[in-house]
Amino acid sequence: MIPMDVSSPLSSDERRALTALTEDLRRIFGSGFHALAAYGLDSPVPSPRLVHAIALVERLTFADLTRCAPLVPGWHRASLAVPLILEREEFLRTLDVFPLEYGDIVARHVLIAGSDIFSTARVNPADVRRACELAAKSHLIHLREGYLEAGGDSQATSRLIAASAASFRALLANIARLADDREDDVAVTAERQMNVPSTVVREVLAAGAGNASSIAEPSALFSRYIDAVERVWEFVDTWRARA
């Protein structure tokens, strides 16, 4: 089962900005406003960050979008990303379509206002497994194609590793959640679950954190990286047999 409502810290300025966003949305949607939650707060991002939020409403029309549009510059000035605004039933009925994206919101959100619909939502593990398999295979194909495009150039290979690191982290985190593994260190879970060396995971993630230029042998790391992603795909591809 996916863990619910794992709180992440918000600064006082961020809470004030989200409270103001709530007031804006209540003016626009009135009694049709159901909930606002912040999400993605534990993702590694540069400072200052843009805070992401999801709003659930009863009905979303073009007229509502028109009323929201002039408020966007103010939201940006308050370091808020444009909120994801969805109809409540739309969100619940598409949990199977976006199991990773919505599942992450369900698992890791901070309720700002309204009823906590997110904590009662359920994502089917079979949908998560299927989405993880697609993400793993897509990541592997992307790496293979990117390496060919790099043409053996070390700097281009380093940039490819760095650019793909965030997606790799997200993939490993989603698979850990599928396996109901509460370990915060994705390198540890990758080694325990999939026999992927934690050193490879940490090297790739370090490159993504801005240390790409420090990779001593990009091709050697890339070879280990490809092998790791192949193991990840094989693990999630056969997940049904272990479920």
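All values below come from the heavy atoms of this structure, side chains included, with hydrogens, waters and symmetry mates left out.
To the nearest 0.5 Å, the span separating CG on Leu84 from CD1 on Ile105 amounts to 6.0 Å. Between the CD atom of Glu203 and the CG atom of Leu205 there is a distance of 10.5 Å, given to the nearest 0.5 Å. Residue Leu36 holds its CG atom at 10.5 Å from CG of Asp24, rounded to the nearest 0.5 Å. Here the NE2 atom belonging to His76 is positioned 6.5 Å from the CG atom belonging to Leu50, to the nearest 0.5 angstrom. A distance of 8.0 Å separates OG of Ser223 from CD1 of Ile226, quoted to the nearest 0.5 Å. Expressed to the nearest 0.5 Å, how far CG of Leu56 lies from CD1 of Ile85 amounts to 10.5 Å.
Both Val97 and Ile117 belong to a single network of hydrophobic side chains, linked directly or stepwise wherever heavy atoms of I, L, V, M, F, W or Y lie under 4.5 Å apart. The cluster map of Ile, Leu, Val, Met, Phe, Trp and Tyr, joined by side-chain heavy atoms under 4.5 Å apart, puts Ile141 and Phe222 in different clusters. Trp233 and Leu172 are members of different hydrophobic clusters when ILVMFWY side chains are connected at heavy-atom separations under 4.5 Å.
More than 12 heavy atoms of other residues, nucleotides or ligands lie within 6.0 Å of CD in Glu89, so this atom counts as buried by the packing criterion.
Side-chain contact between Tyr225 and Pro218 is absent, with no heavy-atom pair separated by less than 4.5 Å. The shortest side-chain heavy-atom distance between Met194 and Val201 does not fall under the 4.5 Å cut-off. Within the 4.5 Å cutoff, side-chain heavy atoms of Leu221 are placed close to those of Ile161.
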(message) Apply side chain to side chain contact (heavy atoms under 4.5 Å, CB included) to residues Ile175 and Gln193 and explain how you reach the verdict.
(response) CA-CA 9 Å; Ile175 294 174; Gln193 292 176 353; 3.8 Å; yes
(message) With side chain to side chain contact (heavy atoms under 4.5 Å, CB included) as the criterion, how do Leu160 and His142 come out once you've worked through the C-alpha distance, each side chain's angles and the decisive distance to 0.1 Å?
(response) CA-CA 10 Å; Leu160 173 60; His142 169 74; 3.9 Å; yes
(request) Let me see the working for Tyr102 and Phe118 under ring pair (Phe, Tyr, Trp, His ring centres under 6.0 Å), right down to the final yes or no. (result) CA-CA 9 Å; Tyr102 291 175; Phe118 310 100; 9.5 Å; no
(message) Would Ile28 and Leu71 count as a side chain to side chain contact (heavy atoms under 4.5 Å, CB included) here? Give the steps.
(response) CA-CA 11 Å; Ile28 292 169; Leu71 302 177; 3.8 Å; yes
(request) Could you please spell out the steps behind the side chain to side chain contact (heavy atoms under 4.5 Å, CB included) verdict for Val51 and Ser79? (result) CA-CA 6 Å; Val51 176; Ser79 296; 5.7 Å; no
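Here the closest non-hydrogen pair linking Ala121 and Leu92 is CB-CD2, 4.2 Å. When all heavy atoms are compared, the tightest approach of Ala53 to Leu21 is CB-CD2, 4.3 Å. A pairwise comparison of heavy atoms in Pro99 and Ala131 identifies CG-CB, 3.6 Å as the closest pair. The heavy-atom pair separating Ser198 from Ala187 by the smallest distance is CB-O, 3.5 Å. Across every non-hydrogen atom of Arg26 and Ala113, the tightest pair is NH2-CB, 4.1 Å. Ala38 and Ile112 get closest at one heavy-atom pair: N-CG1, 3.9 Å.
Between Arg144 and Glu230 a salt bridge is recorded (basic side-chain N to carboxylate O distance below 4.0 Å). A salt bridge does not link Lys137 with Glu133: every distance from a Lys NZ or Arg NE/NH1/NH2 to an Asp or Glu carboxylate oxygen is 4.0 Å or more. Look at Asp127 and Arg122 and you find no salt bridge, because none of the NZ, NE, NH1 or NH2 atoms lies under 4.0 Å from a carboxylate O.
Each of Val236, Val196, Val200 was checked for a side-chain contact (heavy atoms from CB on, under 4.5 Å) with Arg231, and the lone residue meeting it is Val196.
Counting only distance, with no hydrogens or angles, the side chain of Glu14 and the backbone of Ser11 share a donor-acceptor pair below 3.5 Å. Not one N or O on the side chain of His139 forms a donor-acceptor pair closer than 3.5 Å with the backbone of Ala135. The backbone N or O of Leu41 lies less than 3.5 Å from a partner atom in the side chain of Arg49, making a donor-acceptor pair. No donor-acceptor pair closer than 3.5 Å links the side chain of Asn195 to the backbone N or O of Glu191. Of the possible donor and acceptor atoms, none in the side chain of Arg108 sits under 3.5 Å from a partner among the backbone N and O of Tyr39. In this structure, Thr189 contributes its side chain and Val186 its backbone to a donor-acceptor pair below 3.5 Å. At least one donor-acceptor pair under 3.5 Å links the side chain of Ser138 to the backbone N or O of Leu134. A donor-acceptor distance shorter than 3.5 angstrom exists from the side chain of Thr61 to the backbone of Asp64, with no hydrogens or angles considered.
The ring pair (Phe, Tyr, Trp, His ring centres under 6.0 Å) test applied to Phe33 returns no partner, not counting sequence neighbours. Residues passing the side chain to side chain contact (heavy atoms under 4.5 Å, CB included) test with Glu87, sequence neighbours excluded: Arg59, Leu60, Glu90.
Side-chain contact of His109 with Asp116: a donor-acceptor pair under 3.5 Å is present, judged by distance alone.
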